[in-house]
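Down below is the structure, laid out as structure tokens.
Treat the numbers as computed from the prediction; the structure is a model and nothing was measured.
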Amino acid sequence: MTNDIYGPFPGGSGRFPDKEWAAALTEAQRARYEELGTALEVVERRIADACAAAGRARDEVRLIVVTKTYPAEDTALLAGLGVTDVAENRDQDAAPKAEQCRNLPLTWHFVGQLQTNKVRSVIRYADHVHSVDRPRLVESLGAAVRKAGRPDLGCLVQIALDKEHGEGEHRAGVAPADVAALTDAIADTPGLRLDGVMTVAPLAGPLAGDPAAAFDRLAEIATAVRTAHPAATMVSAGMSGDLEQAVAAGATHVRVGTAVLGVRSPLG
């Protein structure tokens with residue numbers, strides 16, 4: 001996965017990130033580095049302001065930059081800017097990108113709908129999977145992790161809030177009523193670690209168009225999960241357009257793509 005516009009991969013020299021690394025950037029890489037840095041500053045300020053408004057410390061919220069549809073070069077430049085967490089939603093894009101960036105100091109989050117036939121690939125690079133939504137996937141992830149002999153995989157239950165109101169039958173995510181059973185299954189599966197819950201603001205039902213109310217409902221579910229599983233403290237919610245509402249409702253991780261990287265047409 002290379003990009004001829006950028007030139008040599010800005011993370012393969014072994015000098016990362018230091019003055020020599022920065023000096024080796026091409027003109028195009030430096031321009032993109034500065035563009036990303038400016039956008040990142042704006043997002044960081046939004047998160048800081050949201051934390052202040054909610055009476056929360058800034059370090060209670062971690063930024064995950066969603067790098068889907070963008071090349072590995074951008075991921076390396078983001079790492080050079082101090083980004084520590086990146087996310088992908090398609091294994092066919094994520095696997096080669098993670099391999100190219102394997103020497104960079106990054107934590108990888110898989111946030112897309114995950115089919116069981118992609119599990120063995122995803123567990124090679126993902127530190128957290130945010131989209132666990134069915135028992136069969138729990139079984140498949142656990143078996144793959146144990147077979148690979150890798151450290152425990154962090155899992156978040158993806159909650160489809162619209163399913164609480166009879167909407168989104170075919171949408172990814174588990175109905176709120178089924179969260180407890182699924183979190184118990186993850187916690188009881190060797191090789192997996194229950195980290196918390198995730199949601200996307202719903203497109204249907206009474207919470208559609210009201211991210212503040214949606215994230216408040218997620219906070220209620222997250223509290224119930226922590227009562228049964230105290231270590232499951234991650235609350236993954238909020239994207240470019242609604243991160244402030246997510247932070248106000250207690251999100252610990254916000255997943256931001258467009259506001260940092262800009263708008264790009266999907267990869268083929």
*Looking only at side chains, do Glu88 and Thr67 share a donor and an acceptor under 3.5 Å apart?*
yes

*Is there a donor in the side chain of Asp91 and an acceptor in the side chain of Ser121, or the other way round, less than 3.5 Å apart?*
yes

Non-hydrogen atoms of [X] and [Y] that approach each other most closely:
X      : Y      : result
Gln29  : Leu77  : O-CD1, 4.0 Å
Asp195 : Arg193 : OD1-NE, 2.7 Å
Ala248 : Ala54  : CA-CB, 4.0 Å
Leu63  : Asp85  : O-CB, 3.7 Å
Val235 : Gly250 : CB-O, 4.1 Å
Ala98  : Tyr125 : CB-CB, 3.6 Å

Short question: side chain of [X], backbone of [Y] - any donor-acceptor pair under 3.5 Å?
X      : Y      : answer
Asp133 : Val174 : no
Lys163 : Gly173 : yes
Arg46  : Glu41  : no
Arg146 : Gly142 : yes
Arg255 : Val65  : no
Ser240 : Val256 : no
Asp93  : Arg90  : no
Asp210 : Ala213 : yes
Tyr70  : Leu261 : yes
Arg58  : Val61  : yes

*asked:* Using side-chain contact (heavy atoms from CB on, under 4.5 Å), reason through Thr252 and Glu60 one step at a time and then give a plain yes or no.
replied: CA-CA 6 Å; Thr252 63; Glu60 292 180 20; over 6 Å; no

Count I, L, V, M, F, W, Y as connected when their side-chain heavy atoms are under 4.5 Å apart, and connections chain through other members. Are [X] and [Y] then in the same cluster?
X      : Y      : result
Val83  : Met234 : no
Leu137 : Val145 : yes
Val157 : Leu207 : yes

_From CA spacing to verdict: side-chain contact (heavy atoms from CB on, under 4.5 Å), Val129, Leu156_ = CA-CA 6 Å; Val129 172; Leu156 287 80; over 6 Å; no

*Should the ring pair His253 and His130 be called parallel, tilted or perpendicular, given that the plane angle runs from 0 to 90° and is split at 30 and 60?*
perpendicular

Pairwise side-chain contact, [X] with [Y], heavy-atom cut-off 4.5 Å (strictly under):
X      : Y      : answer
Ile221 : Arg217 : yes
Pro176 : Ile159 : yes
Thr107 : His128 : yes
Phe110 : Asn89  : no
Lys97  : Thr75  : yes

For [X], does the [atom1] atom have more than 12 heavy-atom neighbours from other residues, nucleotides or ligands under 6.0 Å away?
X      : atom1 : answer
Gln113 : CD    : no
Arg120 : CZ    : no
Arg62  : CZ    : no

Distance (rounded to the nearest 0.5 Å) between [X] [atom1] and [Y] [atom2]:
X      : Y      : atom1 : atom2 : answer
Glu73  : Leu78  : CD    : CG    : 11.5 Å
Phe215 : Glu220 : CZ    : CD    : 14.0 Å
Arg124 : Glu99  : CZ    : CD    : 10.0 Å
Gln115 : Arg136 : CD    : CZ    : 9.0 Å
Leu114 : Ser140 : CG    : OG    : 7.5 Å
Glu34  : Leu81  : CD    : CG    : 10.0 Å

_Chi angles and distances behind the side-chain contact (heavy atoms from CB on, under 4.5 Å) call for Val138, Leu192_ = CA-CA 8 Å; Val138 172; Leu192 305 184; 3.8 Å; yes

*Pick from Ile123, Ile186, Val132: which one makes a side-chain contact (heavy atoms from CB on, under 4.5 Å) with Leu153?*
Ile123

